[in-house]
Amino acid sequence: MTKINHQHIAFFDLDQTLSIHPLHQLWHDYLVAHAHIPGDTAHHIEAQAAALKGQNVATLIALAKKLSHQYFPQGFLPDAITRIHWHQRRGDLIVILSSLPNVVVDAIVSHIPNALTLAPELQSEQGQYTGRLYEQSKNYEQKALMLKLWLAAQPNANISTSGYSESAAHLDWLKKMDRPFAVNPEPTLALHAEQYEWTIFNWQHPQDIVR
């Protein structure tokens with residue numbers, strides 16, 4: 001795992017915290033249209049990995065990059081980009097978390113200077129996908145475990161953290177943050193944030209788009 005020396009790490013969930021639209025659906029539809037996976041493939045990472053067996057790695061990377069250029073920055077909430085820039089001006093490290101495969105997460109996050117990603121990694125051999133995930137990636141959809149593993153690899157015991165998410169499903173990893181932020185939160189997350197006095201951000205969607 002990458003080791004870092006920053007004093008503060010800002011963790012952002014990608015899908016519908018930073019993004020306007022559900023990226024899992026967007027990526028699934030993109031794979032069906034361009035990588036020719038079956039339309040009934042489940043959105044779960046292991047199902048997608050299996051459907052991509054035999055696909056050329058370079059071809060899928062190129063597809064992901066094409067999608068990222070179509071999507072960024074217009075597919076991100078403007079307030080999210082502003083907040084990322086605020087952290088960067090402070091010298092904080094930006095880490096983007098997602099349960100989407102690393103090939104598309106890396107492509108999207110490549111548009112954010114000096115940001116890192118934590119995402120499940122598709123296994124490949126001799127330039128083709130095997131249909132599996134790398135062993136260390138199998139539990140990465142559990143983002144609390146992902147964070148625990150990653151933070152344990154860092155050399156600086158004095159690192160402070162902040163985390164941003166919209167989903168109550170992410171409470172486990174948000175609770176591990178020194179400063180958790182609820183962004184356009186679902187009702188359960190909003191209730192928890194109010195109870196524990198977390199900051200709640202209401203980031204506006206362009207043209208008042210409602211999720």
Side-chain angles (χ1 to χ4, degrees), residues 9-33 41-48 64 66-88 94-112 115-120 137 140-147 150 161-177 179-194 196 198-211:
I9 308 173
F11 293 94
F12 290 85
D13 181 58
L14 177 59
D15 196 18
Q16 291 187 271
T17 300
L18 298 180
S19 68
I20 296 171
H21 304 291
L23 285 176
H24 283 78
Q25 184 66 52
L26 182 68
W27 177 239
H28 174 273
D29 294 347
Y30 203 75
L31 288 177
V32 171
T41 301
H43 290 200
H44 191 275
I45 180 65
E46 291 186 344
Q48 288 191 2
K66 183 177 179 181
L67 174 64
S68 76
H69 285 290
Q70 294 172 354
Y71 192 78
F72 189 89
Q74 63 272 15
F76 272 32
L77 292 170
D79 289 335
I81 294 175
T82 298
R83 190 65 177 180
I84 287 172
H85 289 167
W86 180 82
H87 276 288
Q88 290 176 325
I94 305 298
V95 179
I96 310 299
L97 296 94
S98 180
S99 53
L100 285 163
N102 65 306
V103 61
V104 65
V105 178
D106 289 348
I108 292 172
V109 176
S110 69
H111 298 278
I112 303 173
L116 301 180
T117 63
L118 283 176
S137 292
Y140 270 20
E141 194 166 2
Q142 302 171 22
K143 296 181 184 180
L145 176 59
M146 187 191 305
L147 279 169
W150 194 78
T161 57
S162 55
Y164 299 80
S165 180
E166 96 297 343
S167 176
H170 300 158
L171 270 172
D172 281 348
W173 71 263
L174 284 172
K175 289 176 182 178
K176 296 179 183 296
M177 300 291 100
R179 296 197 65 191
F181 296 91
V183 178
N184 299 341
E186 297 172 351
T188 301
L189 178 58
L191 183 63
H192 186 93
E194 292 172 358
Y196 289 92
W198 294 0
T199 299
I200 296 175
F201 284 130
N202 293 306
W203 290 348
Q204 294 298 309
H205 286 240
Q207 300 175 349
D208 295 321
I209 294 174
V210 177
R211 289 182 300 145

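On a predicted model such as this, the values are computed, not experimentally measured, just so you know. Quick note: numbers below take in every heavy atom, side chains included, and nothing from hydrogens, waters or symmetry partners.
Using cut-offs of 30° and 60° for the angle between ring planes, the Y196 and W198 rings count as tilted. Ring planes of Y164 and H87: perpendicular class, angle over 60° (limits at 30 and 60°). Using a 30° and 60° split on the angle between ring planes, F201 and W203 fall in the parallel class, below 30°.
Contact record, S98 with P120: O-CD, 3.3 Å, taken as the closest heavy-atom pair. Nearest heavy atom pair, residue Q74 against residue H69, reads NE2-O, 4.1 Å. Scanning all heavy atoms of the two residues, the minimum distance from A182 to P185 falls at CB-CB, 3.8 Å. Summarising the geometry of H170 relative to S165, their closest heavy-atom pair is ND1-OG, 2.6 Å, with the distance given to 0.1 Å. Residues Q48 and A42 share a closest heavy-atom pair of CG-O, 3.6 Å. Heavy atoms only, all atoms of each residue included: V105 and A119 are closest at CG2-CB, 3.9 Å.
The shortest side-chain heavy-atom distance between P78 and Q204 does not fall under the 4.5 Å cut-off. You'll find the side chain of L23 reaches within 4.5 Å of the side chain of L14, heavy atoms only. You'll find the side chain of I200 stays beyond 4.5 Å of the side chain of V183, heavy atoms only. The shortest distance between side-chain heavy atoms of L118 and V95 falls below 4.5 Å. At least one side-chain heavy atom of L189 sits less than 4.5 Å from a side-chain heavy atom of L171. Side-chain contact between P73 and I81 is present, with at least one heavy-atom pair separated by less than 4.5 Å. Considering only heavy atoms from C-beta on, T161 stays 4.5 Å or farther from K176 through its side chain. The shortest side-chain heavy-atom distance between E186 and S167 falls under the 4.5 Å cut-off.
Note that OG1 of T117 is 11.5 Å distant from CG of L100, once rounded to the nearest 0.5 Å. Taken from CG in L77 to CD in E166, the straight-line distance is 10.0 Å, to the nearest 0.5 Å.
The cationic atom of R83 (NZ for Lys, CZ for Arg) lies less than 6.0 Å from the six-membered ring centre of F181 and within 45° of the ring axis.
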In sequence, state the C-alpha distance, the side-chain angles, and the governing distance for L116 and I96, and then conclude on side-chain contact (heavy atoms from CB on, under 4.5 Å).
CA-CA 6 Å; L116 301 180; I96 310 299; over 6 Å; no

Decide side-chain hydrogen bond (donor to acceptor under 3.5 Å, both in side chains) for H28 and T41; before the verdict, give the C-alpha distance in whole Å, the side-chain angles of both, and the deciding distance to 0.1 Å.
CA-CA 8 Å; H28 174 273; T41 301; 5.3 Å; no

Could you walk me through whether H43 and H24 pass the ring-ring contact (aromatic ring centres under 6.0 Å, His included) test, one step at a time?
CA-CA 7 Å; H43 290 200; H24 283 78; 7.3 Å; no

Step by step, work out the side-chain contact (heavy atoms from CB on, under 4.5 Å) result for I84 and I112.
CA-CA 9 Å; I84 287 172; I112 303 173; 3.9 Å; yes

May I have the step-by-step check of side-chain contact (heavy atoms from CB on, under 4.5 Å) for L67 and Q70, ending in yes or no?
CA-CA 5 Å; L67 174 64; Q70 294 172 354; 4.2 Å; yes

Evaluate the criterion side-chain contact (heavy atoms from CB on, under 4.5 Å) for residue pair L97 and F12; output intermediate values, then yes/no.
CA-CA 6 Å; L97 296 94; F12 290 85; 5.9 Å; no

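With F76 as the partner, the side chain to side chain contact (heavy atoms under 4.5 Å, CB included) test is satisfied by one option alone out of T17, I20, I108: I108.
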